[in-house]
Amino acid sequence: MEKKIYLDNAATTRTRPEVLEAMLPYFSDKYGNPSSVYEFASQNRKALDEARLTIANSIGAESAEIYFTGSGTEADNWALIATAEAYSSKGNHIITSKIEHHAVLHTCEYLKKRGYEITYIDVDENGIVKLDQLEKAIRPTTILISIMFANNEIGTIQPIREIGEIAKRHKILFHTDAVQAYCQVDINVDELGIDMLSASAHKLHGPKAIGFLYIKKGIKIRSFIHGGAQERGRRAGTENVPYAVGFGKAVEIAMATMKERTRKETELRDYLIKRVLAEVPYTRLNGHRTRRLPNNANFSFQFIEGESLLIMLDMNNICASSGSACTSGSLDPSHVLLAIGLPHEIAHGSLRLTLSEENTYEEIDYTVEKIKEIVDKLRKMSPLYEDFLANTIR
Amino acid sequence: MEKKIYLDNAATTRTRPEVLEAMLPYFSDKYGNPSSVYEFASQNRKALDEARLTIANSIGAESAEIYFTGSGTEADNWALIATAEAYSSKGNHIITSKIEHHAVLHTCEYLKKRGYEITYIDVDENGIVKLDQLEKAIRPTTILISIMFANNEIGTIQPIREIGEIAKRHKILFHTDAVQAYCQVDINVDELGIDMLSASAHKLHGPKAIGFLYIKKGIKIRSFIHGGAQERGRRAGTENVPYAVGFGKAVEIAMATMKERTRKETELRDYLIKRVLAEVPYTRLNGHRTRRLPNNANFSFQFIEGESLLIMLDMNNICASSGSACTSGSLDPSHVLLAIGLPHEIAHGSLRLTLSEENTYEEIDYTVEKIKEIVDKLRKMSPLYEDFLANTIR
Amino acid sequence: MYTKKVMDHFANPRNMGEIENPSGVGTVGNAKCGDIMRMYLNIDDNGVIQDVKFKTFGCGAAVATSSIATELIKGKTVQDALKVTNKAVVDALDGLPPVKVHCSLLAEEAIHAALWDYAEKKGIVIEGLEKPKSDIHEEEKEPTY
Amino acid sequence: MYTKKVMDHFANPRNMGEIENPSGVGTVGNAKCGDIMRMYLNIDDNGVIQDVKFKTFGCGAAVATSSIATELIKGKTVQDALKVTNKAVVDALDGLPPVKVHCSLLAEEAIHAALWDYAEKKGIVIEGLEKPKSDIHEEEKEPTY
Ligand SMILES: Cc1ncc(COP(=O)(O)O)c(C=O)c1O
Ligand SMILES: Cc1ncc(COP(=O)(O)O)c(C=O)c1O
């Protein structure tokens, strides 16, 4: 295939042409600083607030509860660090899971160095957080539960409503990293008992490097980035008007198309999963079979290593990933795959394919054929496969 | 005048068409995540590193010393908070000035709540930091001196080299907020003894919401935003490739045109200052007469209030500001004008006009005429002016 | 930021100016906080406000609230003028941004100050009128830097 | 990320496969760390490496370093093969990314392991050859979560 096949939409997505279109006027024409007094600039404040309203509506929140950030990562950092500081008189204990994104895990490590205590809850073999363990982990000093809405590697969707109920029952704040789930599954913060929620535009065909943190009214956490009075005094820095407008546009489209889009993606995903499991031996699907993101498939191919597979797919114009993009280049296998109980050598041989509505059956067919060829080639090269065959034959 | 006259380039600037042009391919075409393995995405890492190199060269630094951030504000927060945490075993004392941007001042307040001690150095009537006071303020526990390169309100340029020498003599880290000075004055970090430097793209016709922090090699401060391994593990979050490329382009142009551009701006600025001081009675220039940013003029008009003046200028299609954009809407007069010794009522009546190379003599002439009319009108409305006249006549 | 009504009163303030030998004059606010209002009143023997003028040092909202306040009390009796609250001023302007609501308080206060001066000069007591604070910002603190 | 040379050796690995009844075979690395290399050697009576094959489980760099390492030692005497350092491997590939340099160490180690096996089988001592660590990652720690 000449054309590139992009199957890494969990890493980032193509900025939609309509989104770019919406942003364009805010660079060289309407470039005023939204904090300025004059009319020319204050129209940009309106544009910002329109985007904010679109986003607020998408999760059943109010405009005043949405704060733009410079990334999903920043939103996660903000939620954790500022809560930790604001509630330190109540306690110093935070509960999270073993399969969070590094934006949460590394922030927890940072907080640990500052004297906070962190409990990392286990997940079952499908990647679902163990609710009984979660509830048992709660102490009088627990100030925050932070559990992701859906996992970025294996796509498993967490029982958010149940976690929200546990948090509420124990009067503990509940933050969820919804960077992967946002605009892929229905989210209503009040119904689900969510106090804080992080999201990021570039996962839904918006621009890279803008996100938001939802903070429920009445939660008194301070700001994370200090300075000017932007974002109602809670997040300083000259506003990114073009990206906020683009984010708003991306959300508008994603919400309008959600039902039909995710139905199609789910069909294509299931077709992909079925073919791979049927046609590539010694292969497993990671993550929950049905409670998973509509666009996520994650496989482990025994006896081979993920990076080699990725490079060979790349040579065939297929863009895919193993684990999260941010950890590539590292020696460690994915902490998520280890958490669901995979042995190291199998965790190393994993492949994540994440779809968008732009992908076709033709692309998937081509990809499956290539996977078969490449896995075969790599197994022929693998001393592990050699040993396996020797043992089986004997 | 039908056309808008934009004289608020210290608040933000128009994104240059060439900059927008440079960014465009990175939205809907080359949209890959730079951390990904495949070729399609790794070309974006190259684009990122080219921008980084352009920026490094502009201040005599190395590529590996430049870290992109989500704003100038974030760069300031990072420098202060991460230094405070990294050096807390050495001490807890930070020295800054009374005229810093809120990105520094409010971060200092935050650190104060966390047990750090802050000394705010005075400035003289021209806004120049008192070096003797600075040196005397140094204690064995001092870990950081943070003094801005040039002030955003009154344009005064600080004696950075001297401050760098003091810092070096006492083996204390020196951070400078160069958001306003960057690409307006020559900066060589090594020659000036700067250990950390913050800058922001949107002040030099780049996009809003991208900045950088220069961190001299060997300085062991941790990251401020935790998560993925982006920016060599020091600043997490999916990279803003389009804006980084745009920032690089803006710097390339700004550096190439600096000499001629600032010469022109200085001329126009001096023309503006001369006319206003000569033609509007009871007016003073704030900031140093010559050691000031080439594009900054800041006046105080006695007996009138700044916001009224701004709105009336706006009615005449002139965009200007009083103090910093972020504090507008607040009751407090500018902390910078108070720090240079202005009484409150005079501080309230200030006007900042900041030029770009796009401004013309014609625009300045028109603006001066309007200022004269409006100041006259507002004084007629002012009880302070009434009292003044009554007292003078008597 | 401001409503059309505010902008109109700011751009074309009504009753701006002075009155020579007024029945009462009052000044409130202080320059430190960035707004000072002065109200001049001419009140006839029936206690009706025949003329009113203002001078204001302050932001757009300060000018607009002064202007509309003069309109609201002109032709009214002293007693009716006393009933003009800051809320009435805000409503008449179709609203003010939250950070600017204090301007409407200042306008109310300025009217009271002028009436107090009138009462003192006449040696009468106006029922329901308290001695106005000379400065409605009194309780606010100075910025820390 | 990788040089052309690395990509070439990865896409078209030289001497990939097994040798039946080799003079020596060695396996290093471990699956935990994501790379395992196995080297097969056929060494003639003059101590010259006549044939070499490899199998590798690992990343692109692991495959490429194995491949180039076989080229570097094929036809060499045991003594000359011992002089092939990991640096030589890296240079022959026109460089490796810093995080991947450990792969070249693994390749060096795999050669040594195969030579050790050969020496043990023959009951000889090869001067300058130390018993290879079975796992060059031994000293590295497990991730904390
Ligand atoms: C001196 C100074 N520092 C910091 C900032 C903050 O920069 P940014 O708007 O990119 O956050 C500004 C401008 O707003 C500034 O003028
Ligand atoms: C679950 C999750 N959280 C956080 C992030 C970080 O988002 P961003 O890249 O916008 O910083 C990502 C993606 O990178 C993610 O998948």
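Values below: all heavy atoms of this structure, side chains included; hydrogens, waters and symmetry mates excluded. Note on naming: letters A, B, ... go to the chains in the order of the sequence lines (proteins, then strands), and numbering restarts at 1 for each one.
- With a threshold of 4.5 angstrom between heavy atoms, B:Phe303 approaches chain C through N, CA, C or O but not through any side-chain atom.
- Contacts between residues 55-74 of chain C and chain B, counted as heavy-atom pairs separated by less than 4.5 Å, involve C:Lys55, C:Thr56, C:Phe57, C:Gly58, C:Cys59, C:Gly60, C:Ala61, C:Val63.
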With a cut-off of 3.5 Å and sequence neighbours excluded, list every side-chain donor-acceptor pair involving residues 86-93 of chain C.
from, atom 1, to, atom 2, distance (Å)
C:Asn86, ND2, C:Ser104, OG, 3.0
C:Lys87, NZ, C:Asp91, OD2, 2.7

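- With chain C as partner, the option from B:Ile304, B:Leu310, B:Leu309 having the largest number of non-hydrogen pairs under 4.5 angstrom is B:Ile304.
- Side-chain atoms of C:Arg38 and B:Asp387, non-hydrogen and from C-beta on, do get closer than 4.5 Å to each other.
- Contact of C:Pro13 with chain B is made through the side chain alone, with heavy-atom distances under 4.5 Å.
- C:Lys76 meets the side chain to side chain donor-acceptor pair (under 3.5 Å) test with no other residue; sequence neighbours excluded.
- Only the side chain of B:Met315 has a heavy atom closer than 4.5 Å to any heavy atom of chain C.
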Steps toward salt bridge (Lys or Arg N to Asp or Glu O under 4.0 Å) verdict (C:Glu18, B:Lys380): CA-CA 10 Å; C:Glu18 301 163 43; B:Lys380 288 213 174 95; over 6 Å; no

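- Interface summary for chain C: among B:Lys377, B:Met312, B:Glu305, the most heavy-atom pairs under 4.5 angstrom belong to B:Glu305.
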Give the C-alpha distance, both sets of side-chain angles, the deciding distance and a yes or no for side chain to side chain contact (heavy atoms under 4.5 Å, CB included) between C:Ile36 and B:Glu345. CA-CA 10 Å; C:Ile36 297 179; B:Glu345 67 270 24; over 6 Å; no

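- Judged as a side-chain contact (heavy atoms from CB on, under 4.5 Å), and not counting sequence neighbours, the contacts of B:Ala10 are B:Gln180, B:Arg352, B:Thr354.
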